[in-house]
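Written out below as structure tokens is the structure these notes cover.
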Protein chains: 2
Amino acid sequence: MAEQEAWASALHSHGRRVTKQRLAVLAAVQHNPHSPAEGILAAARKDLPELTAQSVYVVLSDLTDLQMLRRFEPPHSPALYETRVGDNHHHAVCISCGRVEDVDCAVGHAPCLTPHWDEDSKPMTIQIADVLYQGICQDCQAKQQLPTQTQVTTK
Amino acid sequence: MAEQEAWASALHSHGRRVTKQRLAVLAAVQHNPHSPAEGILAAARKDLPELTAQSVYVVLSDLTDLQMLRRFEPPHSPALYETRVGDNHHHAVCISCGRVEDVDCAVGHAPCLTPHWDEDSKPMTIQIADVLYQGICQDCQAKQQLPTQTQVTTK
DNA sequence: GCACTTATTATGAGTACTTCACAATAAGGT
DNA sequence: ACCTTATTGTGAAGTACTCATAATAAGTGC
């Protein structure tokens, strides 16, 4: 598959060696976007059963530093990875079931990249603005319509 | 101090009992915004030495659920807490030293609250849009100007 | 193609942060 | 003041991730 070639040359251009572990992790992330390290391990092991969890962590960290992967951390969730990098897309997480969707920014450009600073603060040079939407997906909304489950548990 | 009264009535209005542990945690968060649980424990123990770490975790979770506190989780950091709730402010984190600043949204209104969905996705009902800015604060920028530290370590 | 250098991975242990189960305590209504 | 039950303390456990070091293998030069 030509996919492998692309990953291989990308790795080369970053001065990294092309290993079957890296290729397996990249393919696993590609085919399972928004997956945690554990899920990536499981997916990659279908191709490479001897792959270890620790290697997955090392590879994911390194490729994230190289910007070949993108990492984001929803609340109360392990870090999730995806291959979609270089654009300015963001994420929506369902607070009920945890499903994740990609979203582009509504305003059509990088959101809020020039924040308004308080007078007493020292402005930072902003490099990234990550937006995390939290809401309820259609499936979970439908479930909450059910009479017996309308009540939200409030201790 | 009248601060205590306000917390007490807020707790009452949520059907919670007013305990010295809760008041100590609230005061600690108030006076140390953007602090992790450990920092809050240390601050609260100045007033209440017998307070335990586990109680701090329980209190923080509960008060966050009640929206009396707000929790956010910068990458590679434990969760941070603040008493500033109910407005739509966001956070800027220095990727070098970790310092956190509050920022209001540049566009003057809730950012990107109506995201643009892909055609093949099921839109969610968005409730929150958290924006996390990442950049370099003025102090760290100054440090990186130093000749011997100009080079970024790139393995 | 073969040896060599060194990046990369596997192994095994360890850490940080948070949560859980359950007993002890104390807040607030009667 | 008593009683009910929310809340806290105690001690242990769990998840996600990292570290140190030895084994392996990618890519270079011969």
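Basis for what follows: all heavy atoms, side chains included, without hydrogens, waters or symmetry-related copies. Below, read A as the first sequence line, B as the second, and so on, with proteins coming before strands; counting in each chain starts at 1. Just so you know, these numbers come straight off a predicted model, no measurement behind them.
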Looking for any heavy atom pair under 4.0 Å, which part of the strands does A/Gln21 touch: base, sugar-phosphate only, or nothing?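 Result for A/Gln21 = sugar-phosphate.
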
Under 4.0 Å between any heavy atoms, over every strand shown, what does A/Ala53 touch: base, sugar-phosphate, or nothing? Just pick one.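 Answer is nothing: A/Ala53 stays at 4.0 Å or more from every strand.
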
Quickly work out the [X] [atom1] to [N] [atom2] distance and round it to whole Å.
{"X": "B/Arg71", "N": "C/dT19", "atom1": "CZ", "atom2": "P", "value": "6 Å"}
{"X": "B/Leu51", "N": "C/dA24", "atom1": "CG", "atom2": "P", "value": "20 Å"}
{"X": "A/Leu48", "N": "D/dA25", "atom1": "CG", "atom2": "P", "value": "11 Å"}
{"X": "A/Asp62", "N": "D/dC17", "atom1": "CG", "atom2": "P", "value": "16 Å"}
{"X": "A/Tyr57", "N": "C/dT15", "atom1": "OH", "atom2": "C1'", "value": "13 Å"}
{"X": "B/Arg16", "N": "D/dT5", "atom1": "CZ", "atom2": "P", "value": "16 Å"}
{"X": "B/Leu60", "N": "D/dT8", "atom1": "CG", "atom2": "P", "value": "11 Å"}
{"X": "B/Glu50", "N": "D/dG9", "atom1": "CD", "atom2": "P", "value": "7 Å"}

Reading DNA chain C from 5' onward, which residue's closest nucleotide shows up sooner: B/Val18 or A/Gly15?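 Of the two residues, A/Gly15 wins.
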
Let me spell it out: for each of A/Val59 and B/Ala37, pick the nucleotide of DNA chain C with the closest heavy atom. Which residue's pick is nearer the 5' end?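 In this pair, the answer is A/Val59.
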
Look at the side chain of A/Gln54 and decide which nucleotide, out of C/dT11, C/dT8, D/dA16, has an atom nearest to it.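 In terms of side-chain proximity for A/Gln54, the closest of C/dT11, C/dT8, D/dA16 is C/dT11.
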
Nearest to the side chain of A/Arg17, which nucleotide is it out of D/dA16, D/dG27, D/dT18?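 Nearest nucleotide to the side chain: D/dG27.
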
At under 4.0 Å, does any side-chain N or O of [X] touch on OP1 or OP2 of [N]?
{"X": "A/His12", "N": "D/dA26", "answer": "no"}
{"X": "A/Arg22", "N": "C/dT8", "answer": "yes"}
{"X": "B/Thr52", "N": "D/dG9", "answer": "yes"}

Using a 6.0 Å cut-off, check whether atom CD of A/Gln67 has over 12 heavy atoms from anything other than its own residue.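 Open: at most 12 neighbouring heavy atoms sit under 6.0 Å from CD of A/Gln67.
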
Between A/Arg22, A/Met68, A/His12, which is the residue that forms a side chain to side chain contact (heavy atoms under 4.5 Å, CB included) with A/Trp7?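 Going through A/Arg22, A/Met68, A/His12 one by one, the side chain to side chain contact (heavy atoms under 4.5 Å, CB included) with A/Trp7 is satisfied by A/Met68 alone.
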
Do we see a donor-acceptor contact under 3.5 Å between the side chains of A/His91 and A/Asp130?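 Side chains of A/His91 and A/Asp130: no pair found under 3.5 Å.
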
If each of A/Pro78 and B/Lys20 is mapped to the nucleotide of DNA chain D with the nearest heavy atom, which maps nearer the 5' terminus, i.e. the 5' end?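 Its nearest nucleotide lies further toward 5', so the answer is B/Lys20.
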
By nearest nucleotide on DNA chain D, pick out whichever of B/Thr19 and B/His76 is the more 5' one.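 That would be B/Thr19.
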
Closest contact, heavy atoms only, A/Ala28 versus A/Ile40: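 Nearest heavy atoms, A/Ala28 then A/Ile40: CB-O, 3.8 Å.
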
Derivation and outcome, side chain to side chain contact (heavy atoms under 4.5 Å, CB included), residues B/Val58 and B/Gln21: CA-CA 10 Å; B/Val58 170; B/Gln21 289 90 341; over 6 Å; no

